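One structure is given below, encoded as structure tokens.
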Protein chains: 2
Amino acid sequence: MKPMKISEAVVRRLPVYLQVLNDLHMRDVQTVSSQELGNRLDLNPAQIRKDLAYFGDFGRKGIGYDVTYLIEKIKQILKLDQPLNVALVGAGNLGRALCNYNMYLKDNMKITAVFDVHPSMIGTSINGLTVLPMEKLAETIRELRIRIGIITVPAVEAQNVADQFVEAGVDGILNFAPTILRLQDQVRIHYANFTTELMSLAYYLNEEEENDDESDLD
Amino acid sequence: MKPMKISEAVVRRLPVYLQVLNDLHMRDVQTVSSQELGNRLDLNPAQIRKDLAYFGDFGRKGIGYDVTYLIEKIKQILKLDQPLNVALVGAGNLGRALCNYNMYLKDNMKITAVFDVHPSMIGTSINGLTVLPMEKLAETIRELRIRIGIITVPAVEAQNVADQFVEAGVDGILNFAPTILRLQDQVRIHYANFTTELMSLAYYLNEEEENDDESDLD
DNA sequence: TAGATTGTTAATCGATTAACAATC
DNA sequence: TAGATTGTTAATCGATTAACAATC
């Protein structure tokens, strides 16, 4: 393995490639070219070839990429060929939705523990998992070798939960709360914020509206 | 207004700035420097100044940025100073979670209509909204001047829902389903995919694991 | 004033795209 | 073979960062 530093942009595209490849696989497509992948994803074929070439020679000149093989390879790169246990704190609406999403996570990723602070929540069952009290967090994370923590609590509690996750030895956090977390650098944080996403989408819409403004008909 | 093209990276950072600024505002902080914002967000201060300067001279030399004023300005840029109506299709777990999230959306963005295909869902109430049948989609979107559609249906139905949204005149889509949509270019699509996010996070975790393996230096 | 900090230009860095030899 | 398509190098494009005059 070359010790090359892969840019974040490349890493973020890999799961998207996987998504399309899984779709092609379902349709019994055997082989796909970078051209075809580029069409589907609105990406430059050269970029796709380059992204993949960082990790190995997965294609065949004159032929393209074998769909099944490439799926396997990308899964290896993302280490989805081994189980990845995930914990979630915050069994509210969003938390429960993500737990039930588990079906999609056939890729060895699995939410294996759910926690909440509210006594009324504790002991209830979500998609086969029993909601545990926060006191059990550290212990459970160690026992189940959980490596990623998902935060679906209100903004004010997010930092506190993140600290507890780090303390318990998690090394990645996916934060759905609208808060910027302050943590040691060695813990990787990804943000998944609905509001942020909508806001940037709104920016583009409203550019269009400026065109409409003049023709005020009623 | 200069007709300058703003890069997507810049636009995506604006809501994040807003998030920090709102937090500072809550804490009664009057003024903030690009330095301070950079600290909080792990961004280069020059980048923040440059981002903001695309849209106007919001700061004061020697002083910094007035928090309240900058919040107002960024909201204007994102056009959050006017109401933005949003529709959601798919009143499952995730859809309901997002509807209830509405509290966070004090920024003039609001889910104002919810739809579902399942007869058992139709007529039920979510956060004050009555779930409507798909037949009502086009009509409702026009009447309420809805500009953004959120998709929270299973993967296989996503393309169909997207087509209906576009047909009804929506000009932006936020897709939570794990599917790449094919639409006309004039409609802007953002993806918010839980699984994709987890996968890219997983990539980085596992790099760390490889580092732990070898404790030898030369 | 003196120190701080912006807005902006110039320098650097990195990512995307084009082009093409290798080869299936 | 002839056409197709990769992997990769070189060219281009764009984004980030450094530096500093302007000025509060």
Side-chain angles (χ1 to χ4, degrees), chain A residues 1-17 20-21 24 29-74 77 200 203-204, chain B residues 1-17 20-21 24 29-74 77 200 203-204:
Chain A
M1 286 280 164
K2 322 168 222 178
M4 190 170 212
K5 239 231 315 290
I6 306 296
S7 89
E8 183 161 338
V10 174
V11 175
R12 291 196 159 273
R13 280 192 294 267
L14 293 177
V16 182
Y17 297 158
V20 175
L21 289 165
L24 290 170
V29 177
Q30 308 291 313
T31 285
V32 69
S33 66
S34 59
Q35 184 64 245
E36 171 63 19
L37 283 173
N39 279 154
R40 297 209 172 219
L41 293 169
D42 277 322
L43 293 177
N44 185 301
Q47 181 171 66
I48 296 173
R49 293 201 298 279
K50 202 163 202 275
D51 284 353
L52 297 173
Y54 283 122
F55 303 97
D57 292 4
F58 303 143
R60 297 222 298 165
K61 294 179 181 173
I63 309 284
Y65 300 89
D66 182 272
V67 173
T68 309
Y69 181 71
L70 191 53
I71 287 175
E72 201 182 306
K73 282 301 176 183
I74 294 180
I77 295 164
S200 62
Y203 172 83
Y204 292 100
Chain B
M1 287 274 169
K2 319 168 222 175
M4 189 167 214
K5 237 228 321 287
I6 306 295
S7 88
E8 184 163 338
V10 174
V11 175
R12 291 197 158 273
R13 279 191 294 268
L14 294 176
V16 182
Y17 298 157
V20 175
L21 289 165
L24 290 170
V29 177
Q30 308 292 312
T31 286
V32 69
S33 66
S34 60
Q35 183 65 245
E36 171 64 18
L37 284 173
N39 279 155
R40 298 211 173 217
L41 294 168
D42 277 322
L43 293 177
N44 185 301
Q47 181 171 67
I48 295 174
R49 293 201 297 280
K50 203 162 200 277
D51 284 354
L52 297 173
Y54 282 121
F55 303 97
D57 292 4
F58 302 144
R60 296 221 300 165
K61 295 180 180 169
I63 309 284
Y65 300 90
D66 182 273
V67 173
T68 309
Y69 181 69
L70 191 53
I71 287 175
E72 200 181 308
K73 282 302 176 184
I74 294 180
I77 295 163
S200 63
Y203 172 84
Y204 291 100

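These numbers were taken from a predicted model, which means no experiment stands behind them.
- Using the Watson-Crick or G-U wobble rule with both distances under 3.5 Å, C/dT6 pairs with D/dA21.
- Annotation: side chain of A/Tyr17 is in contact with side chain of A/Leu43 (closest heavy-atom distance under 4.5 Å).
- For D/dT6, one of the phosphate oxygens OP1 or OP2 lies less than 4.0 angstrom from a side-chain nitrogen or oxygen of A/Ser34.
- For B/Leu41 and D/dT16, the CG to C1' distance is 16 Å, given to the nearest whole Å.
- Taking the side chain as every heavy atom from C-beta outward, A/Phe55 and A/Leu14 approach each other to under 4.5 Å.
- In this structure, the CG atom of A/Asp42 is 11 Å from the P atom of C/dT17, given to the nearest Å.
- The phosphate of D/dA4 has neither OP1 nor OP2 within less than 4.0 Å of any side-chain N or O from A/Tyr65.
- Nearest nucleotide to the side chain of B/Gln47, out of D/dT16, C/dT17, C/dT6: D/dT16.
- Checking D/dG7, C/dT8, C/dT5 against the side-chain heavy atoms of A/Ala53 singles out D/dG7 as nearest.
- Counting heavy-atom neighbours within 6.0 Å of B/Glu8 CD, excluding the residue itself, gives a total above 12.
- Note: CG (A/Leu52) to P (D/dT8) measures 12 Å, nearest angstrom.
- The minimum heavy-atom distance between A/Ile77 and B/Tyr203, with the atom names listed, is O-CD1, 3.6 Å.
- Comparing D/dC24, C/dT6, D/dT5 by their nearest atom to the side chain of B/Ser33 picks out C/dT6.
- The CD1-C1' distance, from B/Ile48 to D/dA18, rounds to 15 Å in whole Å.
- The two residues A/Thr31 and A/Val67 make their nearest non-hydrogen contact at N-CG2, 3.8 Å.
- Listed nucleotides D/dT17, C/dT6, D/dT8 differ in distance to A/Lys50; the shortest reach to its side chain belongs to D/dT8.
- Ranked by how close their nearest DNA chain C nucleotide is to the 5' end, B/Pro45 and A/Leu43 are led by B/Pro45.
- In terms of phosphate contacts, B/Arg49 brings a side-chain nitrogen or oxygen within less than 4.0 Å of OP1 or OP2 of C/dT6.
- Distances were taken from every side-chain heavy atom of B/Ile63 (C-beta onward) to each of C/dC24, D/dC24, D/dT17; the shortest belongs to D/dC24.
- A straight line from OH of A/Tyr54 to P of C/dT16 spans 8 Å, rounded to a whole angstrom.
- In this structure, A/Asn44 places its CG atom 17 Å from P of D/dA11, rounding to the nearest Å.
- Comparing B/Lys61 and B/Glu8 by the nucleotide of DNA chain D whose heavy atom lies nearest to each, the residue mapping closer to the 5' end is B/Glu8.
- Between the P atom of C/dA18 and the CD atom of A/Gln35 lies a distance of 11 Å, rounded to the nearest Å.
- Rounded to whole Å, atom P of D/dA22 lies 15 Å from atom CG of B/Asp57.
- Using a 4.0 Å cut-off, no side-chain N or O of B/Arg12 falls inside it from OP1 or OP2 of D/dA15.
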